[in-house]
> 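Sharing a structure here in structure tokens format.
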Number of protein chains: 2
Amino acid sequence: MTPPDLVVTDIDVPKRPRGRPRKTVDERDDGNRRHELLKVAAQLFRRKGFAATTTRDIAAAAGMQSGSPFYHFKSKDALLFAVMEEGMHTALANQHAALSQPGYAEQPPAAQLAALVHTHFAGLLGPGNDFVPVMLYEWRSLNSRQRKLLAQLIADYEALWMPVLEALHTQGQLKAPVKLARLLMLGALNWSVQWFDAKKGASVEELGDAAMALFLKES
Amino acid sequence: MTPPDLVVTDIDVPKRPRGRPRKTVDERDDGNRRHELLKVAAQLFRRKGFAATTTRDIAAAAGMQSGSPFYHFKSKDALLFAVMEEGMHTALANQHAALSQPGYAEQPPAAQLAALVHTHFAGLLGPGNDFVPVMLYEWRSLNSRQRKLLAQLIADYEALWMPVLEALHTQGQLKAPVKLARLLMLGALNWSVQWFDAKKGASVEELGDAAMALFLKES
DNA sequence: CCTACCGATCGGTAGG
DNA sequence: CCTACCGATCGGTAGG
């Protein structure tokens, strides 16, 4: 199923450099391999769920031996958290990029919302974007400390939507109470992870247009 | 955490009747205990997820010994499927009941949709309704045969919405393409499982009203 | 990062 | 339904 990426990048590097990479508090950061682990973990967590994925699955998908993921992450839990954190950081960065597009502030609120919606869909449904779906669907598997840390990022993310929704509400283009509207709208978007299929049906763009048509009244 | 229900009902029945209960193909059906297992399993699957819930957890929550759930269900998988099946049967029955309310057929499509939405929310968010949430969030854990069986029930459920949505589209009260509208709307509703809190914020009724206000244009 | 391994847990079963 | 149990698997670690 998953393409066996394996040792390809190591083919002409028979021995890795012997120098021990520096280590941070509880996780190493020698880039390549660590991020490879994050990527395959995100894939597996998404497809099979966190509890049903073994650290051996992850190691094998990254072309490692069963004990090796613990060189990069101190526990399976820490791996999950790192996946989610990367997902939220990317999502936040994407939205900030959309919001700082030149001329964005001058656009009507409906166009601003369209930008948020399209960016959200793209980050959620684009190829290889397993990080955010994992964060949406494995919330339960976090301990309360991890949950609190991520809740802050999520709050930041949702805060970006509020001024736009309030402007739309004031203009009469959004009739539902703003906070409930935000919850329902993000729910509609997030649920798409369950049914969206890039290979058939609507495209990400058509989805965004449909969502806008569904949510907004004519101005 | 979970109230230790334990032996209460057995206090003055020192020995259970010796007659062996009839058995169906792969599951017994002596009602009480079997359904008790379904109920606690639904609770646990919802709170911790299927893979993270052990059959020992379930047995303990039902006041049984670790091996006893297998007297009622031939596998943990079969238990999950039974939970989901019950969830879908209840949901379907609820919607059919709403649709056969006297005078329903004569109501305008907006009112018909409101009935569907309110029934859906009630079945999803009402107290003790863990069956449907499990079915929404543990889809991955099913094998393909089970998946196919449930997909049929889901298709039946979604089919109930289509005529109403098409009528609304014709009237101009629903602007998005009908199929995408259905997916997005049900997503908005289903996602509420993640954030709805009966003890604070909006009530189930207010939620339904907000959803209607969000989705529909004025007629 | 690999090798070799441990302790704990888990789904499931035989036999009553 | 309980008792007693098995085989397999799993997260994690010591030592290199």
Side-chain angles (χ1 to χ4, degrees), chain A residues 6-7 9-10 13-23 26-38 40-41 44-45 48-82 141 143, chain B residues 5-11 13-23 26-37 40-41 44-45 48-82 141 143:
Chain A
L6 294 179
V7 277
T9 58
D10 281 334
V13 188
K15 296 286 182 202
R16 278 174 220 93
R18 280 296 181 199
R20 297 283 173 266
R22 277 152 307 184
K23 22 181 164 172
D26 54 333
E27 279 148 31
R28 278 68 168 187
D29 199 288
D30 38 309
N32 284 335
R33 304 302 291 152
R34 184 177 188 277
H35 197 262
E36 173 74 11
L37 274 172
L38 279 180
V40 300
L44 289 166
F45 288 161
K48 320 203 312 173
F50 172 72
T53 301
T54 71
T55 56
R56 282 167 170 80
D57 290 339
I58 296 167
M64 296 176 180
Q65 296 304 313
S66 68
S68 302
F70 297 98
Y71 171 76
H72 296 277
F73 296 92
K74 75 166 207 275
S75 68
K76 191 188 175 193
D77 258 50
L79 228 182
L80 174 64
F81 182 74
S141 304
N143 64 44
Chain B
D5 195 345
L6 294 179
V7 276
V8 179
T9 58
D10 280 332
I11 279 180
V13 188
K15 296 284 182 205
R16 279 177 216 92
R18 280 295 180 199
R20 297 281 174 267
R22 276 152 307 183
K23 24 183 162 170
D26 53 336
E27 279 147 30
R28 279 66 168 189
D29 201 289
D30 37 308
N32 284 335
R33 304 303 290 152
R34 184 176 188 278
H35 197 261
E36 173 75 11
L37 274 173
V40 300
L44 289 166
F45 289 161
K48 319 205 312 174
F50 173 72
T53 300
T54 69
T55 56
R56 282 165 171 81
D57 290 338
I58 296 167
M64 294 175 181
Q65 297 304 314
S66 68
S68 302
F70 297 97
Y71 171 75
H72 296 277
F73 297 91
K74 77 166 205 274
S75 69
K76 191 189 175 192
D77 259 49
L79 227 181
L80 175 64
F81 182 74
S141 304
N143 64 44

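Letters A, B, ... mirror the listed sequences (proteins, then strands); counts begin at 1. Note: hydrogens, waters and symmetry copies are ignored here, and every other heavy atom, side chains too, is used.
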> So if I take every side-chain heavy atom of A:Y71 and compare against D:dG12, C:dC1, C:dT13, which nucleotide ends up nearest?
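Looking only at side-chain atoms, A:Y71 lies closest to C:dC1.
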> Nearest to the side chain of B:S68, heavy atoms from C-beta on, is which of D:dC1, D:dG11, D:dC5?
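Selected nucleotide (nearest to the side chain): D:dC1.
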> Any idea which heavy atoms bring A:K76 and A:F70 closest together, and the distance?
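Nearest pair, atom of A:K76 first, then A:F70: N-CE2, 4.1 Å.
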> Which value, rounded to the nearest 0.5 Å, describes the distance between B:F81 atom CZ and B:N143 atom CG?
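Here the interatomic distance stands at 8.5 Å.
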> Would you say B:R56 places a side-chain N or O within less than 4.0 Å of OP1 or OP2 belonging to C:dT9?
no
> Once side-chain hydrogen bond (donor to acceptor under 3.5 Å, both in side chains) is applied, do any residues pair with A:S75, and if so which ones, sequence neighbours excluded?
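Applying side-chain hydrogen bond (donor to acceptor under 3.5 Å, both in side chains) to A:S75 gives none.
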> Can you measure A:F50 atom CZ to D:dG11 atom C1' for me and round it to whole angstrom units?
10 Å
> Measuring to OP1 and OP2 of D:dT3, would you say a side-chain N or O of B:Q65 lies under 4.0 angstrom away?
yes
> Please round to 10 degrees the angle between the axis of the first five pairs and the axis of the last five pairs in the helix from C:dC1-D:dG16 to C:dG16-D:dC1.
10°
> Whole angstrom is fine here: how far is it from CZ in B:R34 over to P in D:dC1?
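It works out to 12 Å between those atoms.
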> Specify the closest pair of heavy atoms between A:A82 and A:L38, including all atoms of both residues, with the distance to one decimal.
CB-CD2, 3.6 Å
> Distance check needed: D:dG12 P versus A:K74 NZ, whole Å only.
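Value for this atom pair: 10 Å.
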> Looking at every heavy atom in both A:D77 and A:F50, which two are closest together, and how far apart are they?
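Minimum heavy-atom separation between A:D77 and A:F50: OD1-CZ, 3.8 Å.
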> Distance check, rounded to the nearest 0.5 Å: A:M64 atom CE versus A:Y71 atom OH?
10.0 Å
> What is the distance, rounded to the nearest whole Å, between atom CG of B:L79 and atom P of C:dC10?
16 Å
> Enumerate donor-acceptor pairs with a distance under 3.5 Å from any side-chain N or O in residues 52-63 of chain A to protein atoms, sequence neighbours excluded.
unit_1, atom_1, unit_2, atom_2, d
A:T53, OG1, A:L44, O, 3.3
A:T53, OG1, A:G49, O, 2.7
A:T54, OG1, A:R56, N, 3.3
A:T54, OG1, A:D57, N, 2.9
A:T54, OG1, A:D57, OD1, 3.3
A:T54, OG1, A:D57, OD2, 3.4
A:D57, OD2, A:K48, NZ, 3.0
A:D57, OD2, A:T54, N, 3.1

> Counting side-chain heavy atoms from C-beta on, which of C:dG12, C:dC1, D:dG11 comes nearest to A:F70?
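Among the listed nucleotides, the one closest to the side chain of A:F70 is D:dG11.
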> How long is the line joining NE2 of A:H72 and P of D:dG11, in whole Å?
17 Å
> Would you mind reading off the distance between B:L80 atom CG and C:dC10 atom C1', rounded to a whole angstrom?
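Checked: the CG to C1' distance equals 17 Å.
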> Which nucleotide in the list C:dC1, D:dG11, C:dG11 gets nearest to the side chain of A:M64?
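In terms of side-chain proximity for A:M64, the closest of C:dC1, D:dG11, C:dG11 is C:dC1.
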> Please state how far atom CG in B:L37 lies from atom P in C:dG12, giving the value in whole angstrom units.
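It is 14 Å, rounded to the nearest whole Å.
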